Amino acid sequence: MKKQPIYLDYAATTPVDPSVVEAMSQCLMLDGNFANPASRSHRYGWQAEEAVENARRQVADLIGADPREVVWTSGATESDNLAIKGAALANKERGQHLITSMIEHKAVLDCFAWLEQEGFVVTYLQPSAEGMIHPDQVRDALREDTILVSLMHVNNELGTVTDVAEVGALCRERGVLFHVDAAQSAGKFPIDVMAMNIDLLSVCAHKIYGPKGVGALYVRRRPPLSIAAQIHGGGHERGYRSGTLATHQCVGMGAAFELAGQQRKGDAERISRLSMLLADGLQTLGGVVFHGDQTSKWPGILNVGFQCVDGEHLLFALKDIAVSSGSACTSASVEPSYVLTAIGVPPSLAHSSLRFSIGRFTTQDDISQTLDIVGNVLEQLSRLSS
Ligand SMILES: *Cc1c(COP(=O)(O)O)cnc(C)c1O
C-alpha cells in the first residue's frame with residue numbers, strides 16, 4: 001500500500017478518537033443501545049433515551065449550558081440554519097435588520113443571502129487586514145430595528161478569534177439576539193454561554209474528534225427566546241427539530257465533548273508547540289506570508305501564502321501533504337478564497353496560499369517531514385520558474 005499523505009487538515013474534519021468509536025459502537029447492535037430514544041413503551045427505548053440524555057449533558061457541560069438548552073442537529077450547518085433563519089423568521093415583527101461578517105462560514109452566509117431574498121436587510125462587517133472583527137464595529141452597526149447578530153468564534157480559514165463575550169454584552173444590553181458559530185472553537189477555547197451572553201450557539205462533533213453528521217444548537221431558555229423550527233415532523237427536541245435521534249451519533253458527540261473538556265489544555269499546549277515549529281520552519285524557507293492576526297489566534301490553524309510560486313503547481317507538488325488551498329472550485333472556475341479576499345490578500349497570493357491545520361494526532365515527525373517536503377517543492381518550483 002502506498003504511504004498516506006501527512007494529514008494536516010484538522011480544520012476540515014478530524015479522525016474520531018478511539019474512545020469515542022468505542023462508545024458509539026455500543027449503540028448499534030441488538031445487544032447494545034440501538035433503540036429509538038423516543039420509544040416510550042419498553043426498556044430498549046428508555047435505555048437509549050438515557051444514553052442520549054447523558055450525551056446531552058456532556059455537550060451542555062462543555063459550553064456552560066443547561067442540558068435542556070441543547071437541541072440535537074445533523075451538524076453545524078443545520079445548527080446555523082436553525083439559529084439564523086429560525087431567529088429571523090420568528091422575530092420579523094420586531095425588525096428586519098441583521099448583522100454578520102464577510103468572513104463567516106458559507107453555512108452562515110448562505111442563510112443570510114436567503115433571508116435577504118425574504119426582505120431582510122443584512123449588514124456584513126468588514127474584517128481588518130488581520131482578519132479581526134472588532135466589537136466596536138458591531139456597536140456602530142446596531143440599529144433600532146436590529147434583531148440578530150451572528151458571528152463566528154474562531155474563523156475556520158485563519159484561526160482568528162472574535163471577542164464574543166464583549167459582543168454578547170453589547171447585544172444583551174440592546175435586546176438583540178446573538179448567535180455564535182462555535183464549530184471551530186468548541187473544545188479548544190473555554191466557552192460559557194451564560195457569562196458570554198450568548199443566546200444561540202452552533203457546534204458539531206466532527207471538528208473535535210467526534211463523528212460527522214451530528215451537531216447541536218444551544219438555545220437559551222431564560223429569558224425565553226423564540227426561533228422557528230426549520231424541520232417539521234414528530235415534534236422531537238421540544239418541537240425545534242423533528243426526527244428520530246441517532247443514538248450512536250449523540251453518544252459519540254457527548255463522548256468527544258467530554259474528552260475535549262478533559263484534554264483541552266494538554267491538546268492546546270502540544271498543538272501550539274507544533275504550530276510554532278511549523279511556522280518557524282516555514283519562515284526560514286523565505287518568501288512566506290502568514291495570513292491573519294498571529295498573536296491571539298487558535299494555533300492549530302496556520303494560513304500561509306507562498307510568494308512567487310504558482311498555486312496550482314504548489315498544491316500538485318504537495319501531494320504528500322493533505323492541506324486545504326486558498327482557492328475554492330466553483331462550478332465555473334477556481335476562485336480565490338472569499339475570506340482571504342476580504343482581508344485584502346491579492347488573488348495571485350490567495351491562490352498560492354495553504355491552510356495547514358494541526359490536531360490531537362499530529363506528531364513532531366509529521367511537522368519535520370512537512371518542512372522537508374515543502375522545502376524541496378519550493379526549491380523545485382523556483383528552479384522551474386528561473
Ligand atoms: C465545519 C464548519 C461548519 C459546518 O459544520 P458541519 O457540521 O460540517 O455542517 C460551520 N461553521 C464553521 C465555522 C465550520 O468550521
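Every heavy atom of this structure was used, including side-chain atoms; hydrogens, water molecules and symmetry mates were not. Counting starts at 1 for both ligands and their atoms, following the listed order. Note that the structure is predicted; figures quoted are calculated from it, not measured.
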Discussion item. For atom 11 (N) of ligand 1, what is the closest protein heavy atom, and at what distance to 0.1 Å?
Written reply: D181 OD2, 2.6 Å
Response to the item:
Note: ligand 1 atoms sitting under 4.0 Å from heavy atoms of C204 are 7 (O)
Worksheet item: In terms of atom number and element, which parts of ligand 1 are under 4.0 angstrom from non-hydrogen atoms of G75?
Response: 7 (O)
Worksheet item: Less than 4.0 Å between a side-chain N and a carboxylate O, is that true for E49 and R40?
Response: yes
Worksheet entry | NZ/NE/NH1/NH2 to OD/OE distance under 4.0 Å, D17 and R360 | yes
Response to the item:
If we number the atoms of ligand 1 from 1 as shown, the ones under 4.0 Å from a heavy atom of N156 are 13 (C), 15 (O)
Worksheet item: Are any of the side-chain nitrogens in R355 or D9 under 4.0 Å away from the carboxylate oxygens of its partner?
Response: yes
Worksheet item: What's the shortest distance from atom 14 (C) of ligand 1 to any protein heavy atom, and which residue and atom give it?
Response: K207 NZ, 2.9 Å
Discussion item. I need the contact type for T77 against ligand 1. Using non-hydrogen atoms and a strict under-4.0 Å cut-off, is it side chain, backbone, both or neither?
Written reply: both
Worksheet item: What do you reckon, does A11 have a nitrogen or oxygen under 3.5 Å from a nitrogen or oxygen of ligand 1?
Response: no
Discussion item. Which heavy atom of N303 sits nearest to which heavy atom of E157, and what is that distance?
Written reply: ND2-O, 2.9 Å
Item to complete: Please assess F361 against Y209 for the test ring pair (Phe, Tyr, Trp, His ring centres under 6.0 Å), listing each intermediate value before the final yes or no.
Response: CA-CA 10 Å; F361 305 114; Y209 316 101; 5.6 Å; yes
Discussion item. Checking contacts here: is it the side chain or the backbone of A76 that comes within 4.0 Å of ligand 1, counting heavy atoms only? Could be both or neither.
Written reply: both
Worksheet item: Which residue and non-hydrogen atom of the protein lie closest to atom 8 (O) of ligand 1, and at what distance in Å?
Response: H206 NE2, 2.8 Å
Fill in: Over 12 foreign heavy atoms within 6.0 Å of CD, Q369
yes
Worksheet entry | Side-chain (Q184) to main-chain (A11) donor-acceptor, under 3.5 angstrom | yes
Worksheet entry | Proximity to ligand 1 by part of M152, non-hydrogen separation under 4.0 Å | side chain
